> 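Quick one: structure below, then a few questions.
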Amino acid sequence: METLKTLKEVFKLYPIEGEVCSYEIIPTGHINDTIKVDVKNAKGISSYVAQKINAYVFKEPVKVMANIKTVSDYLKEKGIKEECDIRQYINAKDGNNYIVDDGYYWRVCEYIPNSVSYDTVESIDILKNAGYAFGRFQAMLADVPMDKLYDTIPNFHNTRVRLDNLFESYEKNEAGRAALVEKEMEFFRENRKLCSRLVELLEEGVLPLRVTHNDTKYNNILMDKTTGKPLCVIDLDTIMPGLTMYDFGDAIRFAANTAVEDEVDLSKVSLNMDYFKAFTEGFLDAAGASLTDAEYENLALGAFIITSEIGSRFLADYLDGDKYFKIHRPDHNLERARCQIKLAQDMLGKLDQMNQIVMSFKK
């Protein structure tokens, strides 16, 4: 009942006709609280999605929402309308695309009917469509000036810094778990230099900054349940200047894994090359013409690096006492880290083959 009361207070701050009558918690996602909300009005029931922004993760939620508004307004001003849109948040009565209630930041959008997000790949065609959606996302926003966007989480995809943080957490041993992760730490010791390669190329001016999603998991696209076509790219909290290789690589990490990202049976974890090829074809069909030679040359490496980076973040959070990612069992973050490490190891062994596939689709 307390949640229902809160939602009613939140929706009073929006120009939405009717009153909140029911809600359903949406359990997907590691960060924000997401709720499907039904509003009863004269026409019947209208459905929306409300999210409470995680203030521990996003220290400056106003800037997060400003970035989302910047890209949304850019697409509207340019008249760019694609079959696959990006999540559009409703402006509150004060004109902002968020509200503040009792110190918490909320945002609301329309619920998209007949939509679904997938944690695992349903078909090659759907995966190719997902690749196209994320590639088109970058292509549509290729001309947005970088100075229009805030760097809302400094060093979010700076793998060198992420590994520094991991080793710092290991030394601090805040949760008393360091002795349990020696095998995992050895992987990061061995690959620390390779994992810093994209950061080095950016610093050298070889790779360009672009508007990136920075969380391109397969389940961050809403698909049409009937056709399998992409409807909407969601979870835009981490839109900011970034590298194409991280967006591409994170999508591969999630969608082309033969298992879910917290699989405990590591014998099930590997890179599905058919999935890699399908996503790559879709992604480059949309974004390929705008990429530089250096970006093509490092796309496959980006998959290994971001997989390693995500693994390091899960492991660091485990060492810190599980403060960042939501967990559903005591060793959940350690299990996630081990899964990512196993996948990264498999990617490293297949890197030449991955590069050949990327270049076969070069525009």
Side-chain angles (χ1 to χ4, degrees), residues 30 119-121 127 131 157-170 177-201 215-218 243 245-280 283 297-319 325 331-359:
H30 299 323
D119 288 328
T120 56
V121 175
L127 180 56
H157 279 329
N158 182 323
T159 313
R160 184 170 59 200
V161 169
R162 291 294 190 180
L163 292 190
D164 288 345
N165 292 341
L166 169 63
F167 283 95
E168 182 178 338
S169 292
Y170 175 75
R177 296 170 169 176
L180 304 175
V181 300
E182 284 301 326
K183 183 178 179 181
E184 291 74 26
M185 291 300 299
E186 187 58 32
F187 167 82
F188 291 108
R189 293 187 188 101
E190 292 175 355
N191 293 286
R192 197 169 185 175
K193 181 174 177 58
L194 182 59
C195 285
S196 300
R197 183 60 179 154
L198 293 181
V199 176
E200 292 173 354
L201 291 174
D215 191 19
T216 50
K217 295 193 296 291
Y218 187 55
L243 296 176
M245 285 65 58
Y246 284 129
D247 263 13
F248 173 83
D250 199 22
I252 293 298
R253 172 193 75 84
F254 192 82
N257 188 351
T258 54
V260 294
E261 71 173 3
D262 58 356
E263 177 59 60
V264 295
D265 182 356
L266 298 183
S267 67
K268 297 179 180 179
V269 180
S270 64
L271 178 68
N272 184 315
M273 294 305 293
D274 290 333
Y275 288 0
F276 176 83
K277 183 176 181 179
F279 184 91
T280 301
F283 184 88
E297 292 164 4
N298 287 282
L299 278 180
L301 179 61
F304 164 77
I305 290 178
I306 193 62
T307 302
S308 301
E309 178 186 306
I310 299 300
S312 77
R313 291 175 60 194
F314 285 141
L315 191 60
D317 198 31
Y318 176 75
L319 289 167
F325 298 105
D331 291 332
H332 202 178
N333 274 323
L334 178 58
E335 293 163 357
R336 289 165 170 157
R338 286 172 173 167
C339 182
Q340 298 311 294
I341 291 170
K342 175 65 185 301
L343 180 59
Q345 290 170 330
D346 192 56
M347 287 177 172
L348 199 55
K350 296 174 177 175
L351 196 56
D352 288 343
Q353 187 181 354
M354 293 163 67
N355 277 319
Q356 290 173 5
I357 290 173
V358 168
M359 290 304 177

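Remember, it's a predicted structure, so these values are computed and weren't measured experimentally. All residue numbers in this chain count up from 1 along the given sequence.
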> Kindly give the heavy-atom pair with the smallest separation between Phe188 and Ser312, and that separation in Å.
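Closest pair (atom of Phe188, atom of Ser312, distance): CZ-N, 3.4 Å.
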
> Go through the steps to decide whether Lys183 and Glu186 satisfy the test salt bridge (charged side-chain N to carboxylate O under 4.0 Å, His left out), and finish with yes or no.
CA-CA 5 Å; Lys183 183 178 179 181; Glu186 187 58 32; over 6 Å; no

> Take Leu301 and Leu194 through the test side chain to side chain contact (heavy atoms under 4.5 Å, CB included) and record every step on the way to the result.
CA-CA 9 Å; Leu301 179 61; Leu194 182 59; 4.0 Å; yes

> Could you check whether any side-chain heavy atom of Glu335 comes within less than 4.5 Å of a side-chain heavy atom of Phe314, counting everything from C-beta outward?
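They are not in contact (no side-chain heavy atoms under 4.5 Å apart), so the answer is no.
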
> Do you know the tightest heavy-atom contact between Ala344 and Phe187?
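Result for this residue pair: CB-CZ, 3.8 Å.
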
> Between Met347 and Arg253, what is the shortest heavy-atom contact and its length?
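Distance-wise, the nearest heavy atoms are CE-CA, 4.0 Å.
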
> May I ask you to test the Leu266-Ile341 pair for a side-chain heavy-atom distance under 4.5 Å?
no

> For Arg162, what residues pass the salt bridge (Lys or Arg N to Asp or Glu O under 4.0 Å) criterion, not counting sequence neighbours?
none

> How long is the gap from CE on Met185 to OG on Ser169, to the nearest 0.5 Å?
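Between atom CE of Met185 and atom OG of Ser169 there are 8.5 Å.
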
> Check whether any side-chain N or O of Thr258 sits under 3.5 Å from a backbone N or O of Ser270 as a donor-acceptor pair, and report yes or no.
yes

> Between Gln353 and Phe276, does the side chain to side chain contact (heavy atoms under 4.5 Å, CB included) criterion hold? Intermediate values first, please.
CA-CA 10 Å; Gln353 187 181 354; Phe276 176 83; over 6 Å; no

> Return the minimal non-hydrogen interatomic distance between Ala278 and Leu127, and the atom names on each side.
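Smallest interatomic distance, heavy atoms only, reads CB-CD2, 4.3 Å.
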
> Quick one: are Leu198 and Asn298 in side-chain contact, heavy atoms under 4.5 Å?
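With C-beta onward as the side chain, the pair touches.
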
> Could you go through residues 304-311 and list every donor-acceptor pair under 3.5 Å that involves a side-chain atom there, pairing it with any protein atom two or more places apart or in another chain?
from, atom 1, to, atom 2, distance (Å)
Thr307, OG1, Ala303, O, 2.6
Ser308, OG, Phe304, O, 2.9
Glu309, OE1, Thr159, OG1, 2.7
Glu309, OE2, His157, ND1, 2.6

> Find out whether Phe248 and Thr280 are in side-chain contact, i.e. whether some heavy atom of one side chain is under 4.5 Å from a heavy atom of the other.
yes

> Whether the side chain of Asn272 engages the backbone of Tyr275 through a donor-acceptor N/O pair (distance < 3.5 Å, no angle test) should be reported.
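Yes; judged by distance alone, with no hydrogens or angles, the pair exists.
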
> Does some side-chain heavy atom of Glu297 sit less than 4.5 Å from a side-chain heavy atom of Met359?
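Yes. Closest side-chain heavy atoms under 4.5 Å.
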
> Check whether any side-chain heavy atom of Leu243 sits under 4.5 Å from a side-chain heavy atom of Val199, and report yes or no.
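A side-chain contact under 4.5 Å is absent here.
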
> Run the side chain to side chain contact (heavy atoms under 4.5 Å, CB included) check on Asn257 and Leu271 step by step: do they pass?
CA-CA 5 Å; Asn257 188 351; Leu271 178 68; over 6 Å; no

> Backbone N or O of Arg313 within a donor-acceptor pair of the Asp317 side chain at under 3.5 Å?
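Not confirmed, Asp317 side chain does not pair with Arg313 backbone.
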
> Which pair of non-hydrogen atoms, one from Arg336 and one from Asn333, has the smallest distance, and what is that distance?
NH1-OD1, 3.0 Å

> Quick one: pull up CD in Gln345 and CG in Asn191 and give me the separation to the nearest 0.5 Å.
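Nearest 0.5 Å value for the CD-CG distance: 8.0 Å.
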
> Determine whether Lys350 and Asp346 make a side-chain contact, defined as any pair of heavy atoms from C-beta on separated by less than 4.5 Å.
yes

> At their closest point, which heavy atom of Asn355 faces which heavy atom of Ala300, and how far apart are they?
OD1-CB, 3.3 Å

> So, Lys268 side chain and Ala259 main chain: donor-acceptor pair closer than 3.5 Å or not?
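No; judged by distance alone, with no hydrogens or angles, the pair does not exist.
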
> For the residue pair Arg338 and Glu263, establish whether any side-chain heavy-atom pair is separated by less than 4.5 Å.
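Answer no - side chains too far apart.
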
> What distance separates Tyr170 OH from Leu163 CG, expressed to the nearest 0.5 Å?
15.0 Å

> Who passes salt bridge (Lys or Arg N to Asp or Glu O under 4.0 Å) against Asp262, sequence neighbours left out?
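In terms of salt bridge (Lys or Arg N to Asp or Glu O under 4.0 Å), with neighbours along the sequence ignored, Asp262 is linked to Arg329.
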
> Is any NZ, NE, NH1 or NH2 atom of the basic residue among Lys277 and Asp274 found under 4.0 Å from an Asp or Glu carboxylate oxygen of the other?
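Salt bridge between Lys277 and Asp274, a charged N being under 4.0 Å from a carboxylate O: no.
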
> Could Arg197 and Glu200 be called an ion pair, given the rule that one side-chain N must be under 4.0 Å from one carboxylate O?
yes

> Does CG belonging to Asp265 count more than 12 external heavy atoms closer than 6.0 Å?
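Atom CG in Asp265 is crowded, with more than 12 foreign heavy atoms closer than 6.0 Å.
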
> Could you grab the distance from atom CZ of Phe254 to atom CG of Leu343, nearest 0.5 Å is fine?
11.5 Å

